[in-house]
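Structure record follows, encoded as structure tokens.
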There are 2 protein chains.
Amino acid sequence: MLKEERQLYIMDRVQIHNRVLLSDLSEALNVSIDTVRRDVNELSSLKKLKKVHGGAISNDFNSYNPLATTVFKQDKKRLIARKAIGLLKNGNVVLISGGTTNQELVKLIPHHLHLTVFTPSPIIAMLLMEHDNIEIILLGGKLSKAAKIAAGGQCITTLNEIRVDFSFIGSGHIHPEAGLTELDWEIIQVKKSMIQAAKHTVVLSISDKINSVQRYKTCDISRIKTIITELEPDNEILLPFQEAGINVL
Amino acid sequence: MLKEERQLYIMDRVQIHNRVLLSDLSEALNVSIDTVRRDVNELSSLKKLKKVHGGAISNDFNSYNPLATTVFKQDKKRLIARKAIGLLKNGNVVLISGGTTNQELVKLIPHHLHLTVFTPSPIIAMLLMEHDNIEIILLGGKLSKAAKIAAGGQCITTLNEIRVDFSFIGSGHIHPEAGLTELDWEIIQVKKSMIQAAKHTVVLSISDKINSVQRYKTCDISRIKTIITELEPDNEILLPFQEAGINVL
DNA sequence: CAAAATAATGCAAAAAACTGCAAAAAACAA
DNA sequence: TTGTTTTTTGCAGTTTTTTGCATTATTTTG
């Protein structure tokens, strides 16, 4: 493995997890700890990360506060969000799940747009409170700490009673055969109901998550009408979805 | 865990709760108390927080800021919040409405306290997500832009189905004869139900709001068990409430 | 004031970082 | 290709940092 590959890998780990241990890197990359140490030293002197005793941390890892932390791959997510905004029309009623991509989405909603938004996410609700022209309906229920959205029976029940124009589903794993999958059983139930409730289901997904599969299944890809990624729609990785008749943006 | 992570975590806790105990940190971070003490010492010598006997407090905790009256009021609210925390016991089920005083309250909830919290406020919910030992149940409904809490039928219905130890009602106007009053009709309905649902209703009120009356009535003061203000309990402005048999803190 | 809690200090074990060095790999020139 | 130079890598020994513990001092609280 090339030195550059290693360093790219290290940077990737740092950006995703905000931190890395040299011992983990050494094992993952199958090189001695001295080598990764040297790599981290180089990256550190290039100011690409911050070297600390035992590992390294991301430059912009200044807080555990979820709102304050810079969103990883924010540029890509913003690009996805911008494409999604294009679907919205005045008077639409939409459902928005949690996740950072959806956060970018609501940040970008034009202030003149009149919408009714249902969401199980307190964070999304908070961001939307700035918008005068948006009616927000908070979906209640027990908060899942992992996904930071309301889940459980009450949430599902409400979802089963509504019918919306769009459901924007964020941060899932998606695969042409396995469909939409997720790690958390509770979240699956919420997303299932969100999809049931929508005339038009839109999946917002960073391309990393494409072709990856998790333990539990939310739905077949046939249930999805639109997939939005940061890639060009004709990218080969998206071909299987195009062929399945899904609208790819 | 890296030293830097620990210190970021400590800073975060200090920012959110304004204070931390070394013993809590030691337990939360799974290191000896000596280690967190050293961390706090470092952070302290970097002037990032203020070390005190038993823990640390935020730098701007007690600083007098002559410019911002908002900060001044925040101190009062924090004082109120601190008194309110004293009521809470492990295992309690509580209802917390919106408002900045209640925000201060949840910021001060000790990390070790196990609670179940119902709230119609996305902001309160977000602040509570940091606490591992608190189960959060979000009350759904149409968000009132003014009060930033969920209101409306669904919220009321849920409230009518629960029974909690405490309801913490923030930011209302209170008067010995007129009782608890409010400007917004929708919010009245929510607060009424919150009071119905509680064994023990606690009103958190800055002394400015005492003896002021608004258009709509939430309830008589006889429904209130405890009033907490930033004043001493024997302040003459609070006498009428004492005489009405209300617990004044 | 005395008891309890917390802080400071010194110390030793463990983990990690640095240093110099030599072998291996890669780059380059003839 | 072959030989030379440069870079990369792992290793061994030394130094530094981190951490928990024991002991002693200090602060808090009733």
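Quantities reported herein were computed from a predicted structural model and do not represent experimental measurements. Just so we're on the same page: letters track the sequence lines, and every chain starts at 1. For the numbers below, each heavy atom of this structure counts, side chains included, while hydrogens, waters and symmetry mates do not.
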- Closest-nucleotide 5' rank along DNA chain C - winner of A:Gly55 and B:Lys51: B:Lys51
- Query: Short question: side chain of B:Thr119, backbone of B:Ile96 - any donor-acceptor pair under 3.5 Å?
  - Reply: yes
- Item | Euclidean distance, atom CD1 of residue A:Ile33 to atom P of D:dG10 [Å, nearest integer] | 11 Å
- Message: Counting only side-chain heavy atoms from C-beta out, which of D:dT19, D:dG20, C:dA8 sits nearest to B:Lys3?
- Response: D:dT19
- Could you check whether the rings of B:Phe166 and B:His200 sit parallel, tilted or perpendicular, using 30° and 60° as the cut-offs? tilted
- Grab the CG-C1' distance between B:Leu2 and C:dA15 for me, whole Å please. 13 Å
- Specify the separation, in whole Å, of atom CE of B:Met1 and atom P of C:dA16. 15 Å
- Query: Just how far, in rounded Å, is C1' of D:dT8 from CD of A:Glu4?
  - Reply: 11 Å
- Task: Find which nucleotide of DNA chain C each of A:Asp34 and A:Ser23 is nearest to by heavy atoms, and output the residue with the more 5' nucleotide.
- Result: A:Ser23
- Message: Using only modelled atom types and a 3.5 angstrom limit, is any donor from either the side chain of A:Arg38 or the base of D:dG10 paired with an acceptor on the other?
- Response: yes
- Message: side chain to side chain contact (heavy atoms under 4.5 Å, CB included), that's the test. Do B:Lys225 and B:Lys199 meet it? Break it down for me.
- Response: CA-CA 9 Å; B:Lys225 269 216 184 151; B:Lys199 293 181 200 161; 5.8 Å; no
- Task: Answer with base, sugar-phosphate or nothing: what part of the nucleic acid does A:Val40 contact at a heavy-atom distance below 4.0 Å?
- Result: nothing
- Item | Heavy atoms of other groups near A:Glu27 CD, more than 12 under 6.0 Å | no
- Task: Would you mind reading off the distance between A:His53 atom NE2 and C:dA16 atom C1', rounded to a whole angstrom?
- Result: 4 Å
- Send over the distance from A:Leu29 CG to D:dG10 P, rounded to a whole Å. 11 Å
